[in-house]
Amino acid sequence: DVLSCGDCDNECPSPPGETAFCLDGECGSTPSPAGLGNCDGQGDTCEQDLTSDIANCGRCNGLCNVNHGTPRCDDEVCGIQSCETGWDNCDTDETDGGYTNGCETNTDEDAMNCGACGRVCPSANGTPSCVDGECRIACNAGWDDCSGGIADGCETDTTGDKANCGACDRDCDALFAAPPVNATGQC
């Protein structure tokens, strides 16, 4: 390993126009054309393409590796080709496009990135969650989701809404067989 040749953290030097190699714990270098490297450590030729090989990206043994994804090597720089199902690279603020931490977000479970990066589950009057990439909400006491969709959260106050008293679609006036004279229901 050219980064730990013969000992931990003993990086083999790469003089200009040459590619470093490590053979039997000893550093060496071979003159190399741009984009090629002597990765077999024989010191004879520069047989390895360092511009696109994920096992030798930018240098011999420069392995590209992506947590929860598939790596790529473009012009001697590691990157992310794709992410596993249920994972995504939502942290792209880094100078390397998020390669360092890979596909770090579990979009099947993250309520701030549910199903896709940046898709925040609504939390009005409840506690949001993400299950298998779909938003869910557990309503706070006295609140319910009577609209039939969670986009607006738990929008109904069931402690004071006459049309949804105690539960969705429980109308106070409809509870009486005959409406009281000069009175209306109250929740």
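Position 1 is the first residue of the sequence; numbering continues from there.
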Please check: side-chain N/O of Y99 versus main-chain N/O of N65, any donor-acceptor pairing under 3.5 Å? yes
Residue pair E109, N106: steps toward the side-chain contact (heavy atoms from CB on, under 4.5 Å) verdict: CA-CA 6 Å; E109 298 176 359; N106 184 337; 3.4 Å; yes
Less than 2.5 Å separating the SG atoms of C135 and C114? no
For the CG atom of D9 and the OG atom of S4, what is their distance to the nearest 0.5 Å? 5.5 Å
Under the disulfide bond (SG atoms under 2.5 Å apart) test, which residues partner C117, sequence neighbours left out? C90
Using a 3.5 Å distance criterion without hydrogens, assess whether the side chain of R119 forms a donor-acceptor pair with backbone atoms of N113. no
So, does E104 use its side chain to make a donor-acceptor pair with the main chain of D91 at under 3.5 Å? yes
Please report whether the SG atoms of C103 and C83 are separated by less than 2.5 angstrom. yes
C73 and C57: sulfurs closer than 2.5 Å? yes
Is it the case that N164 and D161 place a side-chain donor and acceptor less than 3.5 Å from each other? yes
To the nearest 0.5 Å, what is the distance between CD on E84 and OG1 on T107? 11.0 Å
Rounded to the nearest 0.5 Å, how far does CG of D1 lie from SG of C60? 10.5 Å
What is the distance from atom CD1 of I137 to atom OG of S129, rounded to the nearest 0.5 Å? 8.5 Å
Of all heavy-atom pairs between P15 and P13, which one has the smallest distance, and what is that distance? CD-O, 3.6 Å
L3 CG to C12 SG distance, which is reported to the nearest 0.5 Å: 8.5 Å
Could you tell me whether E26 atom CD has more than 12 heavy atoms of other residues or ligands within 6.0 Å of it? no
Got a sec, which pairs hit ring pair (Phe, Tyr, Trp, His ring centres under 6.0 Å) with one end in residues 50-88, sequence neighbours left out? H68-W87
Once side-chain contact (heavy atoms from CB on, under 4.5 Å) is applied, do any residues pair with T51, and if so which ones, sequence neighbours excluded? D49, E76
Atom pair CG/CD1 of D74 and I54 - distance to nearest 0.5 Å: 11.5 Å
Just distance, no hydrogens or angles: give the donor-acceptor pairs under 3.5 Å from side chains in residues 139-155, sequence neighbours left out.
from: N140; atom 1: ND2; to: N125; atom 2: O; distance (Å): 3.3
from: D145; atom 1: OD1; to: S147; atom 2: OG; distance (Å): 3.2
from: S147; atom 1: OG; to: G149; atom 2: O; distance (Å): 3.1
from: S147; atom 1: OG; to: D152; atom 2: OD1; distance (Å): 3.1
from: S147; atom 1: OG; to: D152; atom 2: OD2; distance (Å): 3.3
from: E155; atom 1: OE2; to: C146; atom 2: N; distance (Å): 2.8
from: E155; atom 1: OE2; to: S147; atom 2: N; distance (Å): 2.8

So do C165 and C172 actually touch side chain to side chain, heavy atoms under 4.5 Å? yes
I need the minimum non-hydrogen distance between P71 and Q81, along with the two atoms involved. O-CB, 3.6 Å
Is the number of heavy atoms from other residues, nucleotides or ligands within 6.0 Å of CG (N10) greater than 12? yes
side-chain hydrogen bond (donor to acceptor under 3.5 Å, both in side chains) partners for N56, two or more places apart: D53
Between the main-chain N or O of C130 and the side-chain N or O of R136, is there a donor-acceptor pair closer than 3.5 Å? no
Considering residues at least two apart in sequence or located in another chain, which fulfil the salt bridge (charged side-chain N to carboxylate O under 4.0 Å, His left out) criterion with R59? none
Does the C27 SG fall under 2.5 Å from that of C5? no
